[in-house]
Amino acid sequence: MNITVFLGAPGSGKGTQAKQLSESFGFTHLSTGDMLRAAIKQKLPVGLKAKSYMDQGNLVPDSVMIEVLEEALAPLKDTAKVILDGFPRTVPQAEALDKNQKTRVNRAINFQVPEKILISRLTGRRTCPNCGESYHLVFIPPIKADTCDKCATKLIQRTDDSEDVVQRRLDVFKTQNQGLLDYFSGQNKLMTLDADKPVTNIQSEILRVLER
Ligand code: AP5
């Protein structure tokens with residue numbers, strides 16, 4: 001497989017970019033956050049395990065997450081071009097990917113955005129509970145207020161996008177981030193991107209990296 005991992009703080013735009021690249025350029029987008037939210041909605045055992053960690057802004061234990069991701073990768077063909085959004089979050093998660101020749105990471109793209117902007121992006125985010133489309137009240141508003149452009153469902157705010165949980169998620173991110181950056185830069189696989197730009201500019205830069 002050809003695996004690209006998107007690294008970066010909550011709100012840095014990983015999901016927005018991964019979704020567009022999968023819709024327009026045939027990448028397989030795997031978001032561990034989306035998988036967990038779907039598991040919670042369906043009341044699956046893994047969702048029940050993950051919920052309290054997510055509600056508090058903490059990471060779900062590595063053992064649970066590695067299993068979730070391995071299951072998602074298993075059915076994919078060797079020729080798949082995969083974007084991992086939200087995984088790995090820790091060095092043991094990165095090592096788990098690299099242990100298997102088939103899922104070895106090809107490159108890591110690190111989305112960099114100033115913290116003040118991350119907070120406003122997250123607290124203003126609205127998502128569609130039906131199709132998963134993501135909006136922002138100010139930066140990327142839907143055409144009709146509170147309504148998904150794609151499927152007309154009423155938009156919601158993620159429970160972990162409240163201000164106090166956002167702060168906790170950012171603090172947790174800071175404890176893990178440097179280790180991951182060191183891990184991938186030590187393998188010469190890290191590229192850092194200024195992600196405080198319009199969505200389309202960022203997409204062009206990512207495409208240039210993916211085509212290399
Ligand atoms: P997850 O769902 O992965 O959340 P996250 O990493 O916190 O990332 P976000 O989805 O919040 O941000 P994003 O970077 O995708 O930004 P987005 O594109 O949406 O994880 C949730 C929880 O699940 C975790 O806290 C943890 O508990 C658990 N979990 C998941 N994976 C795990 C793992 N591997 N290990 C352990 N636990 C795990 O953009 C944000 C907003 O900004 C949107 O409103 C968007 O419209 C807007 N926006 C995007 N790009 C731009 C731009 N260029 N300009 C202006 N606005 C923009």
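In listed order, ligands and their atoms are each counted from 1.
Taking a cut-off of under 4.0 Å to the non-hydrogen atoms of T16, the atoms of ligand 1 that pass are 17 (P), 18 (O), 39 (O), 45 (C), 49 (C). Of all atoms in ligand 1, numbered sequentially from 1 with element shown, those under 4.0 Å from a heavy atom of G86 are 31 (N), 32 (C), 33 (C), 34 (N). For ligand 1, the atoms lying closer than 4.0 Å to a non-hydrogen atom of V199 are 50 (N), 51 (C), 52 (C), 53 (N).
Within the structure, the closest approach of M35 to ligand 1 does not fall below 4.0 Å when heavy atoms are considered. In this structure, S12 has a heavy atom closer than 4.0 Å to ligand 1. The shortest separation from a heavy atom of G8 to ligand 1 is not under 4.0 Å, leaving the residue out of contact.
No N or O atom of F87 sits closer than 3.5 Å to an N or O atom of ligand 1. Between P88 and ligand 1, no N or O atom pair is found at a separation short of 3.5 Å. Taking distance alone, with nitrogen or oxygen atoms compared against 3.5 Å, R125 approaches ligand 1 more closely than that limit.
Under the ring pair (Phe, Tyr, Trp, His ring centres under 6.0 Å) criterion, no residue pair touches residues 66-92, with sequence neighbours excluded.
Other residues sharing the hydrophobic cluster of Y135, ordered by chain and number and joined by side-chain separations under 4.5 Å: L155.
In this structure, of D34, L36, T32, T90, the residue bringing a heavy atom nearest to atom 28 (C) of ligand 1 is L36.
The proximity of R126 to ligand 1, defined as any non-hydrogen pair under 4.0 Å, does not occur for either the backbone or the side chain.
Regarding atom 21 (C) of ligand 1, its nearest protein heavy-atom neighbour is R158 NH2, 3.6 Å. Here the heavy atom of the protein found nearest to atom 7 (O) of ligand 1 is R169 NH2, 2.8 Å.
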